[in-house]
Amino acid sequence: MENYLDLLNEPQRKAVEATEGPVMVIAGAGSGKTRVLTYRIAHLLNKGVDSFNILSLTFTNKAAKEMKERIANVVGHSEAKNLWMGTFHSVFARMLRVEAPLLGYPSDFTIYDQQDAVSVMSKIITEMNLDKDIYKPKQVLGRISQYKNNLITVRAYHNNQALIEADAEAMKPRMGDIYRAYVDRCFKSGAMDFDDLLLRTNEILTRFPEVLSKYQERFKYIMVDEYQDTNHSQYLIVKALASRYENICVVGDDAQSIYAFRGANIRNILSFKQDYPDAQLYPLEQNYRSSQNIVQAANTIIAHNQDQLEKNVWTSNEEGEKIAVYRALSDADEARYIASQIWERQISDHLQPKDFAILYRTNAQSRALEEALRKRGIKYRVFGGTSFYQRKEIKDMVGYMRLLINQNDEEALLRTINYPARGIGQTTISKLLVAADQHQSTLFNIVENISMYAPTIGINAGTSNKLNDFALLIKRFQVMLKTHDVYEVTMEMAKATGLLRTLKEDSTPEGISRLENVQELLNSIQGYVDEQKQLEDGDASLSGFLENIALATDADNTDEDDNQVNLMTVHLAKGLEFPVVFIAGLEENLFPSMMAVNTRAELEEERRLFYVALTRAEKVAYFTYSVSRFRWGKIIDCEPSRFLEEVDSNYLDWKNLHIPTQRNSNNSGLSADLFGDDNYSAPARYSSESREKSAARQNPNIRRATPTPPKANFKPVGETKSTSANTANHLGLQIGQVVLHDRFGRGEVKDLQGDPSDMKAIIHFDTAGEKKLLLNFAKLKIIS
DNA sequence: GTGTATCGAATTTTT
DNA sequence: TTCGATACAC
């Protein structure tokens, strides 16, 4: 066995060896925290701790899986197999399968995802005759999520005058009733939402001391990764479980806390010392991931935040390239630039598609990027957005599967009862809902015994038969599930319900893709069943599969052999690293988000997000922004992000300030109206910008917390004019001229093609040979 | 009860 | 621009 302790630096090794008592590892970006966690667990196992006694909470299930494999490589598979590892949600869902009946839930409870929750909430709001514009389902759910994550149950809410008043003041006096109705409805459906998984765990641990004791004894050693992003509910679970042995090790970095919006409480990490006064503290400050330029630029960013633990992240890696900053004319232009850079770097730096990541603030930004990559024929993969399991056809199929496990799952029933169409329409469903309410029964129960209820609720014989058929269909497969394997049952069901047939009838491209998706789902079931059968402690049950997909995140689904450019939001990129990273859309109101510039706390979280984004990069980073962007079906003007100004300009390389200069030199006009001239040169804009500047001059403290050196500014006009003298633009370049390119070196212009706004040049380079370059992107210097 | 047309709203991030 | 909900015709 390798001696893993030799692979660690001093603080890492100490953190690994400090197995007893509370430990906090403050791990700067790229400082090897996964390594520490992995070897710490391996070390525990080596010391003779039973894997059964170790609980390790990670941020994604994928991280858990990878870590488990790495541990198995050090200590062997049989040692590693009993480790409880996973996200809070999946670990405690697993625990609740055993313990939830204590609270009156079935052990096969359904997990409602966001979509299910919204759907339940919309119905409740409609039924209560409330205004959908005041009680927006998503917003209301967000509020309820806050309650739950702070352990405010329905009863606690109604005893909390301050909360009730706060909601009344927020124009939502009915929140309490809605909360109650929502919780009731979920409970009747035998369902938990994401927050319930944590809330109910807390409830069990507090109400049933013997259960708490059982898990305290079991989890003698607890490790929590990304501790800065735990919410109050998670914090309490950890605290309760660890309170007997106090062998708790938390790892995190306050500078990377980016989930406050979903209840993460940065105080959890900032006050660990108060919770455990004798805690040992191990800061990891050496960054092994990124170049000096990237590490130092990131440090200058985070220095603008007030709330943070002191630390000094440094690296002994090479200096690396400066961060390229590109100013685009439109989101499409930005995307084209990024695609072209990827294209060029694949060749010049011998990189593969998977070495690149394009990070952005919002999922909607992926569209333009995808298009540009497609045009270039670059393979890419988009993470997040509407994931596979949220597609309608998948949710339909899964709906049937959920009904087999938990027939009271109302969302699943409503989704499937008339899809494919069986002649059970809205009127019938309303009648059923009324009946269920009257008889204090579940919807399925009414459907199942429809012959009994039909006369009283005015359902005719024909409809009654259809309902009966549906109930029998479900029952039939419930029985089949007892004797057949999960794949066989679902396959049969896909056929018998008519779902496959309906999809096959649709020959549009979308229809075909829907059918493929369902087939893909069936394949993955088969894969799951096979995989679990191999495992000693495998769970090849349908409920196991459903739990897996309910808690699967997009980040979990990477195929290792996928060699594709990665597109994702910054949030999803947490914990990942790539040789080359593009951070796109660095504009005010986008990054930082329009919704997050009102308070210092919000803005600091956006800044941490920017910090996380940059620290994903190993070798090369790019910042791009655009002066206009397609949003809400319109082209809107954008201003560069304030974050760009916060980075020390010593680490930046401003790529193309020549474009605005040329556009304003007014010698052509041909390209000027490409995006509408007034998009960025309208007088109003200049005057507002200069007002701002003069205000800043009068009071330098207005705009910057710390002074930054003066530098070439974003201002498109005047100031930058002089740079056009030796910078090539498509108007100045002529065939026969000799130019200098950043990477390709000296070359001669052979030909110019395309219209002036999008001109390409064929250039023969002395060393690199003939290249076709887009003049909007290529930075050329004319030397003769 | 089903299918189509038209209008309106929407974008912050996710387990 | 795209998605979803609602209204209306069959």
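Naming convention: chains lettered A, B, ... in sequence-line order (proteins, then strands); numbering from 1 in each chain.
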Side chain of [X] (C-beta onward), nearest among [options]:
| X | options | value |
| --- | --- | --- |
| A/A421 | B/dT15, B/dT2, B/dG1 | B/dT2 |
| A/R262 | B/dG1, C/dT2, B/dT15 | B/dT15 |
| A/H89 | C/dT2, B/dT15, C/dT1 | B/dT15 |
| A/K136 | B/dT15, C/dT1, B/dA10 | B/dA10 |

It should be established whether A/S593 places a side-chain nitrogen or oxygen under 4.0 Å from OP1 or OP2 of nucleotide B/dT11.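 No, because none of the side-chain N or O atoms of A/S593 sits under 4.0 Å from OP1 or OP2 of B/dT11.
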Using 4.0 Å as the upper bound for N to carboxylate O, is an ion pair formed by [Y] and [X]?
| X | Y | value |
| --- | --- | --- |
| A/E411 | A/R415 | no |
| A/D113 | A/K395 | yes |
| A/E605 | A/R608 | yes |
| A/E370 | A/R367 | no |

Could you state the [atom1]-[atom2] distance from [X] to [N], rounded to the nearest angstrom?
| X | N | atom1 | atom2 | value |
| --- | --- | --- | --- | --- |
| A/L141 | B/dT14 | CG | C1' | 14 Å |
| A/E505 | B/dG3 | CD | C1' | 15 Å |
| A/L359 | B/dT13 | CG | P | 14 Å |
| A/K574 | B/dT13 | NZ | P | 17 Å |
| A/R367 | C/dC3 | CZ | C1' | 10 Å |
| A/I144 | B/dT14 | CD1 | C1' | 18 Å |
| A/L572 | B/dT13 | CG | P | 10 Å |
| A/K132 | B/dA10 | NZ | C1' | 16 Å |

What do you reckon, do A/F261 and the base of B/dT12 stack, with centroid distance below 5.5 Å and planes below 30°?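 Stacking between A/F261 and B/dT12: absent.
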Residue pair A/E606/A/Q114 against DNA chain B: nearer the 5' end by closest nucleotide is A/E606
Which residue lies more 5' along DNA chain B, comparing A/I424 with A/H571 via nearest heavy atoms: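 Nearest-nucleotide comparison on DNA chain B picks A/I424.
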Heavy atoms under 4.0 Å, any strand shown: does [X] hit a base, just sugar-phosphate, or nothing?
| X | value |
| --- | --- |
| A/Y259 | sugar-phosphate |
| A/T428 | sugar-phosphate |
| A/N363 | sugar-phosphate |
| A/N418 | sugar-phosphate |

Exactly one of A/R97, A/H89, A/R94 should register a side chain to side chain donor-acceptor pair (under 3.5 Å) with A/E547. Which one does? A/R97
Donor-acceptor under 3.5 Å (A/D333 side chain, A/L329 main chain): yes
Rounding to the closest angstrom, what is the interatomic distance between C/dG4 and B/dT13 at atom C1'? 22 Å
